[in-house]
Amino acid sequence: MSYLAASIAACVSLSACSSAPTSSGNSQTAIAETQAAVQEMPLSDTIAAHAAAFPTCVANLQERARTEGLSEATIQDTVASLQFVPKVIELDQAQPEFSQTFNNYFTKRATDWRVNEGRRLLKKHRALLDKLAQEYGVPPQYILSFWGLETNYGSYKGKMSVLDSLATLACEPRRSGYFTTELMQALKLKEKYGFDKSTMVGSWAGAMGHTQFMPSAYAKYALDGDGDGKADLWNSTEDALTSAANFLQHLGWQRNERWGREVILPRNFSYENLGAKQAQPLSQWAAQSVVQSNGLPLPAIDMKAALYLPSGHTGPAFLGYENFNVIMRWNRSEFYAITVGHLADRINGGEPLKVAPPEQPRLSREQIKQLQTKLNESGFDVGKPDGVLGRNSSAGIQAFQRSKNMIADGFPSPEVFGALGISL
């Protein structure tokens, strides 16, 4: 084993990474340096190093399992036989070279097939869904929308071993603490319900079942919906849908409220208040001549809403209410939250978007870095260029647009690149 692989082996083990002595401060520094070195290694070398360190990590996982109160049978039969999965490291470290446009994301997910299948399943499971709506306050179309987006209504739940995937990630220093906790929860679920390891399959990151719960969410929110004595999110539709409703209620779902809606902005709109941190009462949006997509006035109710422009001012505009924020607690993506809400509307008989998402160029991380660098050089501080378009970058773009008398929607359009002298 090379020196670097040996260093990784020492660090990858849970006790070495999370509980190493720190009296001199040198241990934590060494760990940080080792992790940084791993990130700079070619992927094949990283995988080889992690594979070499895995047996030591599994031994530590066995000790952790004992402290968690797991049975010796589980420790010897299951934990000891956990397998390293190279594909998990590949997927975990993969960073998309290009950003995804809203048009690309939305049109691949809010499909006619998902709408029609959701409507069919709404009829099929109407009694159960109405019962859940009464008990948890979540209307049927939303539960179906989450189900449709997560696993195509249960038709694809993932094929990777949850336990092996979680063990592989638990033995990777970057997020070892989080995934070790998830692995222990998964092992406890296996013991509690008698699941076989071979049936515990899911995503590469350990999400499971019809609604892709991580083990900690499974342990807290999964319910026995069909009355057979266990919460089985793989094989029981009743369990899965009941658990989704329970989860959403605990995330803060507001009974009798929408997720949000598509809106139409006036020609002279100022675009001053964009995004989650700039929410306003509906009365203020109405005062700015914002209307529903069908042209009717916004409802005169005491509710705050935030404005989202996922494609900039040339695309559809949305007001997100408190339930939009709840959807974001399930998945921290504005694209996801808009798609869940719109798909739910369509399943419930709603119309397609009034303004279709325009086709736009996909931006590479390098192009975004160039944009951020140019904005900084022009006096619009967006922080360290990292190739990720966050709130600071959007605010910087918006300020730059105002300085050039452009429509200040904070969107990285080709016009913004051109004004900064960057060719696409």
How far does NZ of K108 sit from CZ of R114, to the nearest 0.5 angstrom?
11.5 Å

Check this for me: N294, atom CG, are more than 12 non-hydrogen atoms of other residues, nucleotides or ligands nearer than 6.0 Å?
yes

Under 30°, 30 to 60°, or over 60°: which ring-plane class applies to Y271 and F269, parallel, tilted or perpendicular?
perpendicular

Taking the side chain as every heavy atom from C-beta outward, state whether Q360 and T314 have any pair of such atoms under 4.5 Å apart.
yes

For E182, which of L187, L169, L166, V162 qualifies under side chain to side chain contact (heavy atoms under 4.5 Å, CB included)?
L166

Decide, yes or no, whether a salt bridge links K230 with D239 under the criterion of side-chain N to carboxylate O below 4.0 Å.
no

Walk me through it: do Y336 and R109 pass the test side chain to side chain donor-acceptor pair (under 3.5 Å)?
CA-CA 9 Å; Y336 180 88; R109 289 165 176 81; over 6 Å; no

Nearest-0.5 Å distance that lies between atom CG in D92 and atom OG1 in T46
11.0 Å

Please find the pair of heavy atoms, one from P140 and one from R126, that lie closest to each other, and give the distance.
CG-NH1, 4.1 Å

Hey, can you tell me if Y218 and F195 have their rings parallel, tilted or perpendicular (30° and 60° cut-offs)?
perpendicular

Would you confirm whether H250, through its side chain, and N246, through its main-chain N or O, come within 3.5 Å as a donor-acceptor pair?
yes

Using modelled atom types only, decide if a donor and an acceptor are shared between the side chain of D224 and the backbone of G229 within a distance under 3.5 Å.
yes

May I ask you to check whether D409 and Q398 show a side-chain donor-acceptor distance below 3.5 Å?
no

Would you indicate whether the side-chain heavy atoms of S203 and Q212 approach each other to under 4.5 Å?
yes

Taking C-beta and beyond as the side chain, do I397 and P412 meet within less than 4.5 Å on heavy atoms?
yes

Show me the donor-acceptor pairs within less than 3.5 Å that the side chains of residues 348-355 make with the rest of the protein, sequence neighbours left out.
none

Is there a donor-acceptor contact under 3.5 Å from the side chain of S155 to the main chain of N152?
yes

Validation row, ring centre H313 to ring centre F411 under 6.0 Å
no

Criterion side chain to side chain donor-acceptor pair (under 3.5 Å) on N323 and E257, from CA distance to verdict:
CA-CA 7 Å; N323 282 334; E257 292 185 10; 4.7 Å; no

Contact between E262 and L319 at the side-chain level, heavy atoms closer than 4.5 Å - yes or no?
no

For the residue pair Y321 and W259, is the inter-centroid distance of their aromatic rings smaller than 6.0 Å?
no

Note: Q372 and V382 closest approach over all heavy atoms is O-CG2, 3.6 Å

Distance, nearest 0.5 Å, that separates OG1 of T168 from CZ of F54:
5.0 Å

Distance (rounded to the nearest 0.5 Å) between Y105 OH and T339 OG1:
5.0 Å

Heavy-atom nearest pair, A205 first then M214, reads O-CE, 3.1 Å

Do we see a donor-acceptor contact under 3.5 Å between the side chains of E191 and S71?
yes

Would you check if S423 and P414 make a side-chain contact, meaning some heavy-atom pair closer than 4.5 Å?
no

Does E72 form a side chain to side chain donor-acceptor pair (under 3.5 Å) with Q76? I'd like the steps, not just the answer.
CA-CA 6 Å; E72 197 62 29; Q76 296 300 326; 2.9 Å; yes

For F324 versus E334, what's the shortest heavy-atom pair and its separation?
CZ-O, 4.1 Å

Have a look at V85 and tell me which of V88, I89, L82 forms a side chain to side chain contact (heavy atoms under 4.5 Å, CB included) with it.
V88

If we ignore hydrogens and angles and just use 3.5 Å, is the side chain of N60 paired with the main-chain N or O of T56 as donor and acceptor?
yes

Any salt bridge linking D345 with R258? Criterion: basic side-chain nitrogen under 4.0 Å from a carboxylate oxygen.
yes

S198 and D196: CA distance, side-chain angles, deciding distance, side chain to side chain donor-acceptor pair (under 3.5 Å) verdict:
CA-CA 5 Å; S198 63; D196 187 84; 2.3 Å; yes

When you compare the side chain of S393 with that of L389, does any pair of heavy atoms fall below 4.5 Å?
yes

Check: D164 and M160 side chains under 4.5 Å, non-hydrogen atoms:
no

Nearest 0.5 Å please: distance from the NZ atom of K190 over to the CD atom of Q185.
15.5 Å

Would W147 and H210 count as a close aromatic pair, with their ring centres under 6.0 Å?
yes

Apply salt bridge (Lys or Arg N to Asp or Glu O under 4.0 Å) to R346 and E117, showing your working.
CA-CA 11 Å; R346 294 292 313 283; E117 184 67 1; over 6 Å; no

Quick one: does any side-chain atom of S293 pair with a main-chain N or O of V263 as donor and acceptor, under 3.5 Å?
no

Decide whether Q100 and R362 meet the rule of one side-chain donor and one side-chain acceptor closer than 3.5 Å.
no

Would you say K188 has more than 12 foreign heavy atoms packed within less than 6.0 Å of its NZ?
yes

Counting N and O atoms only, with roles assigned by atom type, does the side chain of S145 sit under 3.5 Å from a partner on the main chain of Q141, one being a donor and the other an acceptor?
no

Separation between CD of E272 and CG of L307, rounded to the nearest 0.5 Å
12.0 Å

Indicate yes or no: at least one non-hydrogen side-chain atom of K374 is less than 4.5 angstrom from one of I422.
yes

Note: P310 and I338 closest approach over all heavy atoms is CG-CD1, 3.9 Å

Output yes when a side-chain donor or acceptor of W234 lies under 3.5 Å from a complementary backbone atom of K157, and no otherwise.
no

Under a 3.5 Å distance rule, please check whether T180 uses its side chain to pair with a backbone N or O of S176 as donor and acceptor.
yes

Checking the side chain of Q254 only, and the main-chain atoms of E322 only, is there a donor and an acceptor separated by less than 3.5 Å?
no

Do you see a donor-acceptor pair shorter than 3.5 Å between the side chains of S364 and E366?
no

Within a reach of under 6.0 Å around NZ of K304, are more than 12 heavy atoms found that belong to other residues, nucleotides or ligands?
no

Report the relative orientation of the aromatic rings in F102 and F318; use parallel for angles under 30°, tilted for 30 to 60°, perpendicular for over 60°.
perpendicular

Assert yes or no for the condition that the ring centre distance of F213 to Y221 is strictly below 6.0 Å.
no

Whether the side chain of R365 engages the backbone of D386 through a donor-acceptor N/O pair (distance < 3.5 Å, no angle test) should be reported.
yes

Take E68 and R64 through the salt bridge (Lys or Arg N to Asp or Glu O under 4.0 Å) test and state the conclusion after the steps.
CA-CA 6 Å; E68 295 279 342; R64 173 65 178 267; 3.0 Å; yes

Please find the pair of heavy atoms, one from C171 and one from L61, that lie closest to each other, and give the distance.
SG-CD1, 3.9 Å

side-chain contact (heavy atoms from CB on, under 4.5 Å) assessment of F417 paired with Q370
CA-CA 9 Å; F417 277 85; Q370 291 178 33; 5.6 Å; no

